[in-house]
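Just below is one structure, and these are the notes that go with it.
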Amino acid sequence: MVCMVGREDADRALSLIRGARYGKDAAVIGHVEKAEGPAPSVILETAVGGKRILGPLYGEGLPRIC
């Protein structure tokens, strides 16, 4: 699960999630910055320290739960 909360609420959100049954390993994994280019994008840091743009989802956006 990915949650986006304001920076001022991050510690409280982590505390609440970590207190839940499956949230013990919850962590902050990123932050939002003002876009510098012509369009906003999500930039990932790779395991080796590089950066790449996360493209849009293709196909069905949500898993089928049935």
Checklist entry - Atom CD1 of Ile43 and atom CZ of Arg52: how far apart are they, to the nearest 0.5 Å? => result 11.5 Å
Next on the checklist: For Ile29, give me all partners under side-chain contact (heavy atoms from CB on, under 4.5 Å), at least two apart in sequence or on another chain.
Outcome noted: none
Checklist entry - Mind checking what makes side-chain contact (heavy atoms from CB on, under 4.5 Å) contact with Lys24, not counting sequence neighbours? => result none
Tell me which donor-acceptor pairs under 3.5 Å the side chains of residues 11-23 have, and how far apart each pair is, sequence neighbours excluded?
residue : atom : partner : partner atom : Å
Arg18   : NE   : Ala26   : O            : 3.1
Arg18   : NH2  : Ala26   : O            : 3.0

Checklist outcome for this item: For Leu54, the other hydrophobic cluster members (4.5 Å side-chain criterion, sorted by chain and number) are Val42, Leu44
Checklist entry - Is Met4 isolated, or which residues cluster with it under the ILVMFWY side-chain rule of less than 4.5 Å, directly or via members? => result Val32
